[in-house]
Amino acid sequence: HQIYGIPLVDLEALTQKGDTLFRPNPDDKGEPIPVRRVYYRPLADEIRQKQPTLHYDLKTLSTEWFPNPGDQLLWSKHTMVHLHGHPNVPQTTILAEASAAMLAGDLSKYVLKRLGGYGGTSVVLNVTREDIDRIPASVRGSWCIQKKVVYDPWLVTCAKDKKRKVCTELRVIMVRY
């Protein structure tokens, strides 16, 4: 944010007038400043967890969202469950549709993800039968079970005394204009 001159603003500090979102003036003087574009969508899970007091209605704002929260659904867990057999997509199945054989097998080869989860807050990395049993049958349609991706170690750590290669996930965002 510092490189591009984009200020960080607390969600609770924003206000609404009409369909316009405003942020406080940094000098605590003068009129609030209109927010024309939000460069990072609030994480739904974080809002649910922290329950901030929002002084605006997200549905009535003329503010542009970058990335647009709706675009996130184009290439996400929601889409991956439909791309069976693609060599670049890990096997992903709606939990309610998972076969008994899959669920009785080696669950350590899978991750569990809530379809509406953001920021990794609803991801279970080392799945056990107990994790699956904790999810009520009535909501298993909103969870997916995904085959773990095996990453190659390629990134060298910065530690002077223990330089080693580690595995990491690199995410790329492609923006459509």
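What you see below is based on every heavy atom in this structure, not just the backbone, and it leaves out hydrogens, waters and symmetry mates. For clarity, every value in this text was computed on a predicted model and none was experimentally measured.
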[X] (side chain) donor-acceptor with [Y] (main chain) under 3.5 angstrom:
| X | Y | value |
| --- | --- | --- |
| Thr63 | Leu61 | no |
| Thr60 | Asp19 | no |
| Glu12 | Thr53 | yes |

Closest non-hydrogen atom pair between [X] and [Y], with its separation:
| X | Y | result |
| --- | --- | --- |
| Gly18 | Gln16 | O-NE2, 2.7 Å |
| Arg134 | Pro136 | O-CD, 3.3 Å |
| Gly141 | Leu115 | O-CD1, 3.7 Å |
| Glu31 | Asn25 | O-ND2, 3.3 Å |
| Pro34 | Thr20 | CB-CG2, 4.2 Å |

Exercise for review: Identify, with sequence neighbours excluded, every residue that meets side chain to side chain donor-acceptor pair (under 3.5 Å) alongside Lys148.
Suggested key: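 Counting only residues at least two positions away or on another chain, Lys148 forms a side chain to side chain donor-acceptor pair (under 3.5 Å) with Asn126.
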Review point. Would you call Val35 and Ile33 a side-chain contact if the rule is heavy atoms closer than 4.5 Å?
Key: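 Result no, sub-4.5 Å side-chain heavy-atom pair not found.
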Review point. Is Asp10 close to Pro52 at the side-chain level, that is, under 4.5 Å between some pair of heavy atoms?
Key: no
Atom [atom1] of [X] and atom [atom2] of [Y]: how far apart are they, to the nearest 0.5 Å?
| X | Y | atom1 | atom2 | answer |
| --- | --- | --- | --- | --- |
| Arg37 | Leu21 | CZ | CG | 14.5 Å |
| Lys113 | Thr92 | NZ | OG1 | 7.0 Å |
| Arg114 | Ser142 | CZ | OG | 7.0 Å |

Point to revise | Gln146 and Thr93 side chains, donor-acceptor separation under 3.5 Å | key: no
Check your understanding: In the hydrophobic clustering that connects Ile, Leu, Val, Met, Phe, Trp and Tyr at side-chain heavy-atom distances below 4.5 Å, which members other than Ile145 occupy its cluster, ordered by chain and number?
Key ->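 Via sub-4.5 Å side-chain contacts, Ile145 links to Leu95, Met102, Leu103, Leu107, Tyr110, Leu112, Val124, Val127, Ile132, Ile135, Val139, Trp143.
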Review point. Within a radius of less than 6.0 Å around CZ of Arg36, do more than 12 heavy atoms belonging to other residues, nucleotides or ligands occur?
Key: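 For Arg36, atom CZ is not crowded (no more than 12 foreign heavy atoms under 6.0 Å).
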